[in-house]
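Atoms considered below: every heavy atom in the structure, side chains included; atoms not considered: hydrogens, waters and symmetry mates. Keep in mind that this is a model prediction, so the values were computed, not measured. All ligand and atom numbering here is 1-based and tracks the order in the structure.
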Amino acid sequence: MIVKSAEFVCSNTQVSKLPAPVKPEYAFIGRSNVGKSSLINMLTGKKGMAKTSQTPGKTQLINHFIINDNWYLVDLPGYGYARISKSKKEDWDKFIRTYLDKRESLQCVMVLIDSRLDPQKIDLEFCNWLGEKGLPFALIFTKADKQSGVKTEQNVDKFKKALLGWFEEMPPYFITSSETKHGRDEVLNFIDDINQQFYKTS
Ligand SMILES: Nc1nc2c(ncn2[C@@H]2O[C@H](COP(=O)(O)OP(=O)(O)O)[C@@H](O)[C@H]2O)c(=O)[nH]1
Ligand SMILES: [Mg+2]
């Protein structure tokens, strides 16, 4: 897929105010600091598209971007930020889980995983929840440029093993770097394939 246009559409704090669910939509989510904003900027080719390194956990907004007038890229607030209060965490949970569970145009949840780390409980639990809800998801391993390819593969493997305690097969996954643009074409083509399916059948 060639990204010809990428525009910010709206920020929402209420699920009821989201754009009409008439275009295929992909939600990007992960722990704070996983590299989500950088990845969105890398995919769209727009540097300031999603703001990088804001104070995490501050605003809990669902951000919609429209790509090629054809599909929505959704930037969800990060989870697992240690310094937010318990009640804020619960708010996050309710708001985001409602969105994920009810959004009919949502095609795939893109779960970002830091490729430098051993499997994190919070990521595994989140994947497990998606599985329980029957929501399709894909994994995007981030920051692959920060270590050797071998180390990345080892961590991906560990994550796979941890996930296979719950799932019968590994979901689609991508190894990416926002620095080198590694994995960009693969992620965009994955989305493109689903979009084509969406417009063919709707
Ligand atoms: N080397 C490298 N650094 C990255 C990459 N992605 C993000 N970062 C850095 O990681 C930090 C957090 O990134 P950000 O995109 O703001 O994470 P977010 O909180 O998930 O939106 C920033 O300092 C980024 O520059 C990457 O692919 N490679
Ligand atoms: Mg961010």
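Checking Ser37 against the Mg ion (ligand 2), an N/O/S atom falls under the 2.8 Å cut-off.
Residues Phe141 and Phe159 bring their aromatic ring centres within 6.0 Å.
Residue contact check: Ser38 has heavy atoms under 4.0 Å from atoms 6 (N), 7 (C), 13 (O), 14 (P), 15 (O), 24 (C) of ligand 1. Near Ser177, meaning under 4.0 Å from one of its heavy atoms, ligand 1 places the atoms 27 (O).
Using cut-offs of 30° and 60° for the angle between ring planes, the Tyr79 and Phe126 rings count as tilted.
The part of Asp145 lying near ligand 1 is the side chain, judged by heavy-atom distances below 4.0 Å. Here Lys146 has side-chain heavy atoms under 4.0 Å from ligand 1, and that is the only part of it that gets that close.
Using a 3.5 Å distance cut-off with no hydrogens or angles, the side chains of Asp114 and Thr142 do not pair a donor with an acceptor.
Taking 4.0 Å as the cut-off between side-chain N and carboxylate O, Glu179 and Lys143 do not count as a salt-bridged pair. In summary, Lys36 and Asp75 engage in a salt bridge, as defined by a charged side-chain N under 4.0 Å from a carboxylate O.
Polar contact with ligand 1: absent for Thr176 (N/O pair, distance under 3.5 Å). Between Lys36 and ligand 1, a contact under 3.5 Å exists for at least one N or O pair. In terms of polar-atom proximity, defined here as any N/O pair under 3.5 Å, Asn33 does make such a contact with ligand 1. At under 3.5 Å, not a single nitrogen or oxygen of Ala144, backbone or side chain, sits near a nitrogen or oxygen of ligand 1.
The side-chain heavy atoms of Val3 and Leu43, taken from C-beta on, include no pair separated by under 4.5 Å.
Residue contact check for ligand 1: Val34 places a non-hydrogen atom closer than 4.0 Å to it. Within the structure, ligand 1 lacks Gly30 among the residues with a heavy atom less than 4.0 angstrom away.
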- Message: Checking Phe190 against Phe174 for the ring pair (Phe, Tyr, Trp, His ring centres under 6.0 Å) test, could you report, in this order, the C-alpha distance in whole Å, the side-chain angles of both residues, the deciding distance, and whether it holds?
- Response: CA-CA 10 Å; Phe190 172 77; Phe174 305 93; 5.2 Å; yes

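Exactly one of Gln147, Lys146, Arg116 qualifies for a side chain to side chain donor-acceptor pair (under 3.5 Å) with Thr152. That residue is Gln147.
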